[in-house]
Amino acid sequence: MERLTESQQTAVEHQFGPLLVLAGPGSGKTRVITHRIARLVDRGVDPRRILAITFTNKAAREMSDRVRRLVPGRQMWISTFHKFCAYLLRRNARMIGLKSNFTIFSTSDQKSVLKQVLNDLDIDPVHYPPGNILNQISKAKNDLVSANQFARNFNESTGDHYQAVVARAFPEYQKLLLRSNAVDFDDLLMHVVQLLAENNELRAQIDEHYQYTLVDEYQDTNLAQYQLIRMLSHDQQNICATGDPDQSIYGWRGARIDNILRFERDYPESQLVRLQDNFRSTKSILKAADELIAHNVQRKPKELFTNNDVGKPVELHTYTDGREEADMVAASIKQLAESEGVNWSDVAIFYRVNALSRELELALTRWQIPYQVAAGVAFYERAEIKDMLSYLRLICNPDDYAAFARIVNRPTRGIGKQTQNKLRRWAAQNRWTMTEAIHHVEEHPTLNKRAKFALKKFGELMDHFSLADSGSMEQLLRSVIDRIGYLKGMKFTEADYEQTSNIEELLTVARQYDKENPDDPTLEGFLESTSLASDLDAIDSEAGQVTLMTMHAAKGLEFPHVFIIGVEQNLIPHERALKTNDASEYEEERRLLFVGITRAERGLVLTQTRQRAFRGKTLHTIPSDFVREMSLEQLNMASGFGTSTSSQYDRDWSRPKEPAHDWNELSQEITVDNLHLLGDKLDALKANQPSDLNSSSAEEPPLDPGSFHFDVGMQVRHPRYGRGKIVHVSGPTSKATVTVDFVSGEVGKTFRADRCPLQPIGMR
DNA sequence: TCTTCATCGCTTTTT
DNA sequence: GCGATGAAGA
């Protein structure tokens, strides 16, 4: 094992009192934490009295593994904030009106519950999108503002109608959660903080129990997490916080960078250790990172240092569009593998928004490069998985309204909307949960016989399962699937095949759980593990695959070769950060890119494009402000691409731009109306497309569908209605509509010009 | 009641 | 480009 550096040693050897470890990227922070834990155990500290908290399951698992290697066979709490809070909350659920088998609601459960609330309050969900309202609620909870406080605060302030809606919906939402015996993610933290604040005896007892507390990524704590840590290291201040203010990237989630900056004020006795030696990256990479982050004004200057080689320069590549960018990245990776023997798993591709992964996935497939993505439709968000889990949830917690609503008529069993509404109103009147209401269904005054029968059958079904709730999760899940005949209607279509294999996968997850918890497999434990799981967990660093993820997800990881795509204005920095005109948000974007860059060990390539397809439209791009802040080797693609495009483009591109913050001013939208202006340029671009790199682009339509210019009299074809003639074009340019008379007899059909599948006939 | 289809609107990052 | 939504048909 490598020796620890002097400062690493200091942090490891420190035992009593508060300790703050400010650790730059790649400075061996995880190493320090794991060695510190091992050292404590070495000194005779009971491992059960050590509490190590991280933000992600992945970080917790990695830390666990590494500690286990240092001190085999000892049990201790290494977990995420949310998991730890769930544990505390289950043991003390009664104290805040929950039962210990409470459900943890996912984002989609939250949405469905809030929709119900809005419906009951007669609030129009189109005008007040549930997602936005939930964001506000989440924000409030992160800041430890309860529903009632929120409502009260609102009354005192001057009214904003949007806030007014939140103020009305929040308390109702909270009530419905409570009645469902459920919590959302934020509640896990907030309830625990509230619990400890109101019960000093309990707080003191837990504080005493966990003699040593370690918190990773302290710069990302929000107020709730901060309070929690403070309350658990009040009497015994053996707290070790590690973090790096330059890597604070969760401000949007309520994280407060202040928390780490004020650590020394909060804990006056604290000792400070700085880890500045970078063992990860080449000098070139570190230099770029350093230059970039130095532009942040709200920051304590900090030197980054490495003894590693200079290495290859950091490259910036410019491509014509996202397709070429993706293809060339894939080509570069292939090249790395073939000429330098780089393993697939040594390569990662990062981006600012998940939407950018699509093009990459296609390209990697074309180039036959194996990859894994940390995103997309998360496994637990898939409809069939949510269905299955909802059954389990309702078995575990019959009060769970979201689960009930989801599956009461799935598969269809004749319990339609009307019936559900009647039942729901009746339940509310009698202060019953839905399950209780079903048990009383015979007494319902207006429901017809058939509906009553269907509901009763459903009730019996669930009762049957409840009795079966014991032992193996896999068996329970199997019996549910069999009994409801979920797989029965499945045919050998692609969609059905996918659903079936997802359910297989879920059974595997259940089997896994059974295996890992041989002594105490509980339904609530299984469900908790699924609720707190994230798609990031599935990433396997040794799977022999290229890894695709957002820069947020990349924090804490490292790869020999890193590509960061879409380094463009409005992506990094993100449009939203630019819009608010808030310097701190802008600087957070810079930190995010800093995080991305500092993941790279030996090779780093940034890419940008000249135009990018976005939300189904193609927009011209502006180079990111940030690329000018670093010394990069600017390269214009390998062979031919773009070099021969119209000089107009090149001139536009190379002209130095004053810092531009208005997307609309500088980017030109390509629409049906100005397409003809761009036609020539587009043709030039198309001519330079990679020549069928792998034959799979054969189905590419001759022109972008949805971007035709339509005129009255033009002959068109519709996939459904066949041939027709345009009889009318109208509306504002961006929302033009065309009216078509079809040969088939369908006359006067109207379509949105930029959306419909209409194709002109006779012009190519 | 269920299914199909067109239309509409949104889309940062995550436990 | 996608899913959610609502209208219309089966």
Side-chain angles (χ1 to χ4, degrees), chain A residues 53-60 79-86 104-108 110-112 115 125-126 129-132 135 138 141-142 183-189 217 220 222 224-225 249-255 350-356 358-359 374-378 380-381 383 409 411-420 450-451 454 528 531-537 549-555 566 570-579 585 588-589 591-592 595-596 613-617 704-706 718-721 735 737 749-752 754-757:
Chain A
I53 296 194
T54 63
F55 276 82
T56 64
N57 299 313
K58 203 168 158 18
S79 87
T80 63
F81 271 105
H82 289 85
K83 198 169 170 206
F84 177 64
C85 285
I104 301 168
F105 273 2
S106 71
T107 318
S108 54
Q110 291 180 270
K111 246 190 200 151
S112 93
K115 270 185 198 160
V126 177
N132 290 3
N135 269 345
S138 172
K141 289 182 176 179
N142 286 175
V183 299
D184 63 23
F185 286 125
D186 304 312
D187 281 341
L188 285 172
L189 299 168
E217 309 282 14
D220 284 329
N222 61 31
Q225 290 156 337
I249 54 175
Y250 283 102
W252 54 275
R253 222 169 94 184
F350 303 150
Y351 32 80
R352 175 65 232 265
V353 297
N354 278 311
L356 292 184
R358 173 176 303 275
E359 201 74 58
V377 182
Y380 291 105
E381 287 294 303
N409 200 30
T412 54
R413 38 174 85 89
I415 304 175
K417 222 179 196 162
Q418 296 302 323
T419 310
Q420 286 179 48
R450 196 202 278 185
E528 181 175 306
S531 321
L532 297 181
S534 90
D535 37 344
L536 191 62
D537 304 341
M549 57 171 67
T550 63
M551 283 185 270
H552 281 94
K555 194 172 67 164
N570 296 306
L571 279 172
I572 333 175
H574 192 269
E575 188 179 2
R576 263 168 119 109
L578 293 173
K579 257 189 196 148
E585 280 192 41
E588 181 158 312
E589 295 290 313
R591 289 195 294 269
L592 183 57
V595 167
F614 193 57
R615 295 184 196 173
K617 299 195 171 102
D704 287 340
H718 188 279
R720 185 174 160 77
Y721 304 110
K735 292 183 181 175
T737 60
K749 282 264 166 198
T750 300
F751 306 91
R752 274 284 290 273
D754 58 342
R755 294 226 169 99
C756 65

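A note on names: the letters A, B, ... follow the listed sequences, proteins ahead of strands, and every chain is numbered from 1.
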(message) Whole angstroms only, please: what is the CZ-C1' distance between A:Phe350 and B:dT13?
(response) 14 Å

(request) Scan A:Thr419 against the nucleic acid and name what it touches under 4.0 Å (heavy atoms): base, sugar-phosphate only, or nothing. (result) sugar-phosphate

(request) Round to a whole Å and report the spacing from OH of A:Tyr380 to C1' of B:dT15. (result) 14 Å

(message) Measuring to OP1 and OP2 of B:dT14, would you say a side-chain N or O of A:Thr107 lies under 4.0 angstrom away?
(response) no

(request) Give the rounded distance in Å between these two atoms: CG of A:Asn354 and P of C:dC2. (result) 14 Å

(message) In whole Å, I'd like the distance from the NZ atom of A:Lys83 to the P atom of B:dT15.
(response) 14 Å

(message) Need one value for A:Asn142: base, sugar-phosphate or nothing, where a base atom within 4.0 Å counts as base even if backbone is also close, heavy atoms only.
(response) nothing

(request) Would you kindly compare A:His574 and A:Ile415 by the position of their nearest DNA chain B nucleotide and give the one closer to the 5′ end? (result) A:Ile415

(request) Mind telling me whether A:Phe185 and A:His82 have parallel, tilted or perpendicular rings, with 30° and 60° as the class edges? (result) perpendicular

(request) Please say whether more than 12 non-hydrogen atoms of neighbouring residues, nucleotides or ligands are located less than 6.0 Å from NZ in A:Lys83. (result) no

(message) Between C1' on B:dT14 and OH on A:Tyr250, what's the gap in Å once rounded to a whole number?
(response) 6 Å

(request) Between B:dT15, B:dT13, B:dC2, spot the one nearest the side chain of A:Arg253, thanks. (result) B:dT15

(request) Write down the atom of A:Ile104, the atom of A:Ala86, and the distance for their closest heavy-atom approach. (result) CD1-CB, 4.4 Å

(message) Please classify the nucleic acid contact of A:Lys115 as base, sugar-phosphate, or nothing, using heavy-atom distances under 4.0 Å.
(response) sugar-phosphate

(request) Between B:dT15, C:dT5, B:dT11, spot the one nearest the side chain of A:Asn132, thanks. (result) B:dT11

(request) Identify whether any heavy atom of A:Thr56 sits under 4.0 Å from a base atom; if not, whether one sits that close to sugar-phosphate; answer base, sugar-phosphate or nothing. (result) sugar-phosphate

(message) Checking the side chain of A:Gln225 only, and the main-chain atoms of A:Leu189 only, is there a donor and an acceptor separated by less than 3.5 Å?
(response) no

(message) Closest approach to the side chain of A:Arg358, judged atom by atom: which nucleotide of B:dT13, C:dA4, C:dC2 is it?
(response) C:dC2

(message) Measure CD/A:Glu381 against P/C:dA4 and give the value in whole Å, please.
(response) 10 Å

(message) Taking A:Asp184's backbone N and O only, do any of them form a donor-acceptor pair with A:Gln110's side chain (distance below 3.5 Å, no angle check)?
(response) no

(message) In whole Å, I'd like the distance from the CZ atom of A:Phe55 to the P atom of B:dT14.
(response) 14 Å

(request) Please state how far atom CG in A:Leu356 lies from atom C1' in B:dT13, giving the value in whole angstrom units. (result) 12 Å

